[in-house]
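Everything below concerns the one structure shown next.
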Protein chains: 2
Amino acid sequence: MEYTVHKLARLAGVSSRTLRYYDEIGILKPARINSSGYRIYSQAEVDLLQQIMFYRELGMDLNNVKSIVTSPSFDPTQALLEHKRRLLERRTQLDVLIANVDRSIAATEGRCTMTDKEKFEGFVQQMIDENEAKYGAEARQKYGDEAVDQSNARLKGMTKEQHDESARLANEIETTLALAFETGDPAGPLAQKAADLHRQWLTFWWGSYSKEGHAGVAQMYVDDERFTAYYDKRQPGTARFLRDAIFIYTGQKA
Amino acid sequence: MEYTVHKLARLAGVSSRTLRYYDEIGILKPARINSSGYRIYSQAEVDLLQQIMFYRELGMDLNNVKSIVTSPSFDPTQALLEHKRRLLERRTQLDVLIANVDRSIAATEGRCTMTDKEKFEGFVQQMIDENEAKYGAEARQKYGDEAVDQSNARLKGMTKEQHDESARLANEIETTLALAFETGDPAGPLAQKAADLHRQWLTFWWGSYSKEGHAGVAQMYVDDERFTAYYDKRQPGTARFLRDAIFIYTGQKA
DNA sequence: CATAAACCTTTACGTAACGTCAATGTCAAT
DNA sequence: ATTGACATTGACGTTACGTAAAGGTTTATG
């Protein structure tokens with residue numbers, strides 16, 4: 001199937017100006033130009049436009065999108081998986097916002113009180129998202145393939161049950177950690193429970209366990225922006241808090 | 001509690017430039033200016049900023065936001081209820097996008113085909129949103145309460161409808177599954193129909209769908225005695241049969 | 001066959017919501 | 001007393017298009 005600008009624009013729900021602009025900045029060029037100078041798009045361009053729109057939906061600026069989709073190592077399928085991960089993240093952020101608005105409604109009715117900080121929960125995420133959009137591409141380029149390969153290899157070796165178990169653990173870590181963070185005490189029972197869950201989770205992936213390795217990973221959560229972003233996505237400072245808790249758990253000096 | 005620009009900015013996760021701009025365009029003026037010309041914000045401004053940020057999150061432009069929040073008939077509590085409605089809408093749209101990306105992944109793996117139109121499902125909504133943002137404020141001012149009431153009714157109706165739909169699906173799964181079990185063939189059309197119904201049912205509850213999740217649940221039906229008991233209550237072996245059918249449906253190896 | 005409607009083209013200026021200097025003043029703490 | 005972190009007001013820059021102008025092409029219709 002071939003499309004002119006307007007046809008493709010209507011299909012995708014964007015303006016023809018947008019497509020011309022995308023051509024201008026070299027992010028989406030038509031398959032060919034016909035004898036009258038009209039832009040003609042075909043299958044590959046339809047799929048690429050979809051990819052671009054996923055990135056845009058997730059708030060990435062066109063410059064970044066361009067550097068990703070024009071990269072020779074761009075893998076559409078991997079990108080789709082990444083889109084899905086980001087969309088799910090976005091949905092949990094939306095849930096935080098919805099919880100926020102719920103509490104705000106309750107507050108106006110005097111059914112509860114909110115601190116000023118709580119009034120902006122779920123919005124702050126934006127900053128992190130933008131940060132990810134800015135540095136994410138670069139980080140992917142740095143660690144990308146290596147990390148992907150590694151995790152894929154592990155994944156193949158795991159049975160589905162193991163996979164489920166690890167997912168369950170990861171989930172429990174997240175919720176326990178969120179609760180522990182509220183207490184503010186990395187030595188407290190909740191934080192130590194989170195650390196222990198994290199040990200279990202790690203043992204899954206490594207097949208073995210060592211206190212040194214555990215502490216090392218914990219430190220990495222603070223040093224490596226990718227992990228920091230992941231753990232801090234709900235509450236900034238969570239990565240650091242987890243590291244502190246794990247240091248105490250492993251008996252490491254902080 | 002009183003805030004300077006920077007303090008309030010950090011609290012809300014925006015830049016101080018943004019707050020100065022909001023002052024400039026008259027959308028959020030500080031409570032007062034101190035003797036050195038500093039902007040000082042207090043409680044009312046914190047709450048108003050939250051409102052503004054909800055509108056912004058939903059894609060409304062500042063001009064519209066201004067005309068709403070500066071209107072003498074602006075009702076913060078009503079606005080919060082409206083925010084919630086819009087956020088929930090936004091979430092269902094996100095779910096459409098997630099379903100889209102799921103199908104797109106399946107398509108790249110050759111597990112299904114997609115029309116070009118389907119590739120942009122969930123994006124198109126944007127246009128409607130923007131349209132709503134443009135003319136919504138005006139319409140609300142004109143029809144305000146009536147529209148709100150209507151949408152509230154729709155929400156209530158929707159949830160009941162959804163509830164009914166899921167019950168209907170569950171019922172259909174049970175009968176189809178019973179018939180399919182008679183055939184003894186988990187790859188047959190009846191069993192596959194049951195698997196598909198089960199997918200629909202699952203999508204209802206999860207808001208999204210993934211093969212892995214589907215297969216995981218299927219395995220759980222066999223592993224967890226509570227579920228096994230439920231599905232086997234009529235015919236022992238039904239849980240296992242359903243799992244096999246779903247594994248075939250999702251293309252999983254049994 | 002003409003002609004209007006509905007496309008397409010490039011060029012170019014406009015806009016929203018800030019980001020980012022620059023030049024300057026204020027405040028708290030060492 | 002000075003340093004560093006804050007504040008102020010301009011003012012120009014940027015992104016991702018919108019919008020209009022001036023014109024060529026295609027297609028449907030009288």
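Below, each value reflects all heavy atoms present in this structure, side chains not excepted, and no hydrogens, waters or symmetry copies.
- Across the protein-nucleic acid pair, A/Ile40 atom CD1 and C/dC7 atom C1' stand 12 Å apart, rounded to whole Å.
- The interatomic distance linking A/Leu19 (CG) with C/dC8 (C1') rounds to 13 Å, in whole Å.
- Remark: B/Arg90 engages A/Glu57 in a salt bridge, criterion side-chain N to carboxylate O under 4.0 Å.
- Residue B/His83 is tested with B/Gln78, B/Gln51, B/Gln50 for a side chain to side chain donor-acceptor pair (under 3.5 Å); the sole match is B/Gln51.
- Residue contacts shown for B/Thr4 are limited to sugar-phosphate atoms, with no base heavy atom under 4.0 Å away.
- Between B/Ser15 and the phosphate of C/dG19, there is a side-chain N or O to OP1/OP2 separation shorter than 4.0 Å.
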Quick one, give me the B/S/- string for nucleotides 9-16 of chain C, reading 5' to 3', where B means a protein heavy atom under 4.0 Å from the base and S means that only happens at the primed atoms, P, OP1 or OP2. BB-B----
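- Ionic pairing of A/Glu89 and A/Arg85 is present here: one or more N-O contacts between side-chain nitrogen and carboxylate oxygen are shorter than 4.0 angstrom.
- Contacts of A/Ser16 with the nucleic acid, taken as non-hydrogen atoms under 4.0 Å apart, are absent.
- Computed from coordinates, the B/Arg10 CZ to D/dA7 P distance equals 9 Å when rounded to whole Å.
- For B/His6 and D/dA5, the shortest distance from a side-chain N or O to OP1 or OP2 is not below 4.0 Å.
- Distance CD1 (B/Ile33) to P (D/dT8): 7 Å, rounded to an integer number of Å.
- Between B/Asn34 atom CG and C/dA28 atom P there is a gap of 11 Å when expressed in whole angstrom units.
- To the nearest angstrom, C1' of D/dA16 lies 14 Å from NZ of A/Lys66.
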